[in-house]
There are 2 protein chains.
Amino acid sequence: MAGKRVTLKDIAERTNYTINTVSRALKDKEDIALETRKKIQRLAKEMGYIENSVAGSLRSGYSKTIAVIVGDISNPHFGIIVKEIEKAARKHRYTIIVLNTEDREELEESAIRTALSKNVDGIIICPSQRSEDNIWFLQRTGVPFVLIGRRFKSIPEFDYVICDDEKGGYLATKYLLDTGHKRILFLNGPLHISSAEERYEGYKKALQEYGVPLDPQLVREPGLIQSETRHLIRSLIEEGVDFTGVFAFNDVIAWETIYMLQKLGYGVPKDYSVIGFDNINARIFSPSPLTSISNSKSKMSRRALDILLKKINESQAGKSGGYREVVDTRLVVRDSTRNSH
Amino acid sequence: MAGKRVTLKDIAERTNYTINTVSRALKDKEDIALETRKKIQRLAKEMGYIENSVAGSLRSGYSKTIAVIVGDISNPHFGIIVKEIEKAARKHRYTIIVLNTEDREELEESAIRTALSKNVDGIIICPSQRSEDNIWFLQRTGVPFVLIGRRFKSIPEFDYVICDDEKGGYLATKYLLDTGHKRILFLNGPLHISSAEERYEGYKKALQEYGVPLDPQLVREPGLIQSETRHLIRSLIEEGVDFTGVFAFNDVIAWETIYMLQKLGYGVPKDYSVIGFDNINARIFSPSPLTSISNSKSKMSRRALDILLKKINESQAGKSGGYREVVDTRLVVRDSTRNSH
DNA sequence: TTGTAAGCGTTATCAA
DNA sequence: TTGATAACGCTTACAA
């Protein structure tokens with residue numbers, strides 16, 4: 001099949017220019033005569049030339065590629081983020097590599113190594129936060145990166161773009177309290193994740209403001225990748241744990257909660273009010289629309305990319321860093337909650 | 001920040017071995033003394049060596065990378081497929097690059113070019129099918145590829161893995177007919193996509209079997225990327241178009257349909273029965289579970305990858321091709337349909 | 001078991 | 001405006 005791939009050399013031989021001239025003509029450089037450029041470009045097209053950017057990047061030192069490293073690409077939240085980053089990157093003629101970590105530390109490390117070994121110009125990563133090690137490692141390499149969605153609050157070296165998780169947690173809890181719920185089950189993500197920890201802060205703050213005591217029994221962590229939400233809800237109900245409101249770490253967990261509550265014969269919002277996080281219904285119009293906390297994924301994605309590109313350019317010059325961005329969150333009320341006053 | 005990146009040369013200098021020996025030691029080749037290997041590997045780790053696979057692939061001719069090109073990564077269907085391909089690829093120590101086409105022909109072409117320019121060893125692509133050109137172009141390059149989810153039935157050169165779309169369309173329609181629906185709205189994808197066309201065949205076949213005349217008014221194409229499902233449903237209802245069953249091209253469209261029907265005051269499945277396609281509820285347990293056609297995404301993904309790897313290996317040898325795989329579909333009944341007899 | 005030499009396809013640099 | 005040469009970091013082939 002397929003003859004060997006056409007290279008600059010082939011074009012050079014056919015045109016009697018040098019490889020160098022051909023290279024610059026194809027890059028449309030001004031210092032090559034317009035006519036020469038046209039001629040070479042035409043022939044290149046005719047011969048089916050495809051740039052070998054691998055070879056180019058070996059020489060030039062940059063690849064016009066960035067890596068996007070997330071926990072679970074099949075979670076619509078990350079799906080949307082990846083799509084938005086890709087779209088924004090394309091405008092700047094960057095390509096993205098997507099790597100999945102399943103929020104596992106070893107896979108995260110190997111994802112970072114893979115990205116680096118492919119000479120990416122920068123990395124946008126939603127860190128597993130099982131430890132700081134992988135990110136310190138990344139930091140030491142000097143390759144520009146930006147955290148997205150999670151941060152290390154105490155480490156100023158790690159630039160990030162997150163949403164206002166504490167406010168989100170606060171707004172969700174406050175809304176449930178305002179609508180008459182006192183026993184609010186919080187199905188949180190694992191606490192080593194900053195977003196989980198900060199949403200928890202918001203949860204506690206709201207409870208405190210309303211003088212509702214914190215019941216540790218109502219704070220649970222069903223897991224993000226392999227969710228045990230359904231089992232958890234079932235056993236909570238069977239054990240007769242008392243709650244009427246649910247605040248879930250993300251919409252997927254909220255959906256599962258509603259799914260199981262309905263399966264057990266309860267109505268949402270009739271018997272339980274449920275709030276999610278991520279506002280996926282803004283993109284996917286599903287039945288039984290979910291009350292949720294909206295974090296602008298397109299804004300987060302675009303900001304993360306902008307910052308990354310800035311860091312990439314600055315790092316050629318000299319210093320960089322100090323980017324800390326918190327995108328606003330707000331409550332979007334839909335049909336999974338109701339006023340029980 | 002960051003000192004310059006460590007290369008084989010640096011390690012060679014520190015150990016007084018040659019670059020070549022270091023290279024082979026790090027690849028753990030048997031022809032290097034075990035002791036030497038250990039010593040070099042230890043030092044490499046100590047010095048923070050990260051392989052430059054770009055340089056390696058330039059020389060070796062393969063990159064251990066495959067490209068996955070899809071229309072919309074934020075659609076959970078593709079999110080799941082990408083995740084499954086990534087997982088399977090990782091086992092074979094392959095990395096994936098993900099590229100979005102938005103089902104647009106120009107973006108598809110540039111996605112293919114980007115993939116090729118990065119020297120991927122192979123491509124798994126869900127073609128936009130706006131024309132055959134891009135795939136013929138890909139074919140001519142000689143780079144191994146496999147279509148996933150869509151096929152060109154009349155072009156035997158293009159290997160594919162799809163699900164049994166016709167059967168899926170047939171099963172969905174038959175089920176609606178069996179449960180008493182005669183007026184079945186088919187919200188299809190655009191007909192230039194093989195899956196849409198073949199599901200339509202199934203739809204027609206079932207109608208025919210049951211002696212129900214085909215009403216063109218009931219066959220619509222709300223669009224896949226920018227879905228106009230909600231507007232469409234609203235206007236159909238307002239125009240008083242008569243139907244009681246809906247078969248949607250995918251679950252996202254089905255969800256939107258139910259969303260809008262409910263918004264207009266109708267019940268699902270009380271007033272309308274709705275069937276989707278993709279069976280996303282097998283992964284995401286959402287409230288109001290959707291009756292859907294199941295196509296095993298993990299099986300499709302794994303088969304596509306297996307075939308691709310086979311083609312990659314065979315293409316080094318000589319011939320390859322002739323892979324045509326149809327994964328079975330089946331009906332999964334949930335709560336969005338009911339027997340109206 | 002290790003070393004030497006060449007080369008992958010580009011781009012950078014400097015000379016003409 | 002174009003050409004000659006070297007170099008990017010690695011792997012291959014072969015020699016020692």
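Numbers restart at 1 for each chain; the letters A, B, ... are given by sequence-line order, proteins then strands. Every heavy atom of this structure was used, including side-chain atoms; hydrogens, water molecules and symmetry mates were not.
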Heavy-atom closest contact (B:Val146 atom, B:Ala304 atom, distance):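 What the structure gives for the nearest pair is CG2-O, 4.0 Å.
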Shortest non-hydrogen contact from A:Thr65 toward A:Tyr94: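 So the two residues come closest at N-CD2, 3.7 Å.
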Whole Å only: how far is the [atom1] atom of [X] from the [atom2] atom of [N]?
| X | N | atom1 | atom2 | value |
| --- | --- | --- | --- | --- |
| A:Leu8 | D:dG3 | CG | C1' | 15 Å |
| B:Ile11 | D:dT11 | CD1 | C1' | 15 Å |
| B:Glu51 | D:dT11 | CD | P | 7 Å |
| A:Asn16 | D:dA4 | CG | P | 11 Å |
| B:Tyr17 | C:dT1 | OH | C1' | 9 Å |
| A:Ile19 | C:dT11 | CD1 | P | 11 Å |

Any residue of residues 112-119 of chain B with a heavy atom less than 4.0 Å from an atom of DNA chain D: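 When residues 112-119 of chain B is checked for heavy atoms under 4.0 Å from DNA chain D, there are no hits whatsoever.
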Of residues 22-42 of chain B, the positions that come close to DNA chain D - non-hydrogen atoms, cut-off under 4.0 Å: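 Hits under 4.0 Å, by residue number: B:Ser23, B:Lys27.
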Phosphate OP1/OP2 of C:dG9: any A:Tyr49 side-chain N/O under 4.0 Å: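 The answer is no; no side-chain N or O of A:Tyr49 sits under 4.0 Å from OP1 or OP2.
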Reported CZ-to-CD1 distance for the pair A:Arg24 and A:Ile32, which is rounded to 0.5 angstrom: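 Reported value, rounded in 0.5 Å steps: 4.5 Å.
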Evaluation steps, side-chain contact (heavy atoms from CB on, under 4.5 Å), between A:Val327 and A:Ile162: CA-CA 6 Å; A:Val327 171; A:Ile162 60 167; over 6 Å; no
Donor-acceptor pair (no angle test) under 3.5 Å: A:Asn20 side chain, C:dT13 base: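 Result: at least one qualifying N/O pair found.
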Touch class at under 4.0 angstrom, heavy-atom based, for B:Asp10 against every strand present: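 Counting heavy atoms under 4.0 Å across all strands, no contact is made by B:Asp10.
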Salt bridge check: are [X] and [Y] linked by an N-O gap of less than 4.0 Å?
| X | Y | answer |
| --- | --- | --- |
| B:Glu109 | B:Arg113 | yes |
| A:Lys64 | A:Asp121 | no |
| B:Arg150 | B:Asp103 | yes |
| A:Glu86 | A:Arg90 | yes |
| B:Lys310 | B:Asp159 | no |

Side-chain donor/acceptor of A:Glu108 to backbone N/O of A:Ser128, under 3.5 Å: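 Judged by distance alone, yes, a pair lies under 3.5 Å.
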Ring-face cation contact, A:Tyr323 with A:Lys311, 6.0 Å cut, 45° max: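 Ring-cation test returns no.
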Any protein N or O atoms within reach of nucleotides 6-8 of chain C? Criterion: under 3.5 Å, listing atom names and distances.
unit_1 : atom_1 : unit_2  : atom_2 : d
C:dC8  : O2     : B:Arg59 : N      : 3.3

From C:dT2, C:dT11, D:dT12, nucleotide with atom closest to B:Thr21 side chain: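 Given the options C:dT2, C:dT11, D:dT12, the side chain of B:Thr21 is closest to C:dT2.
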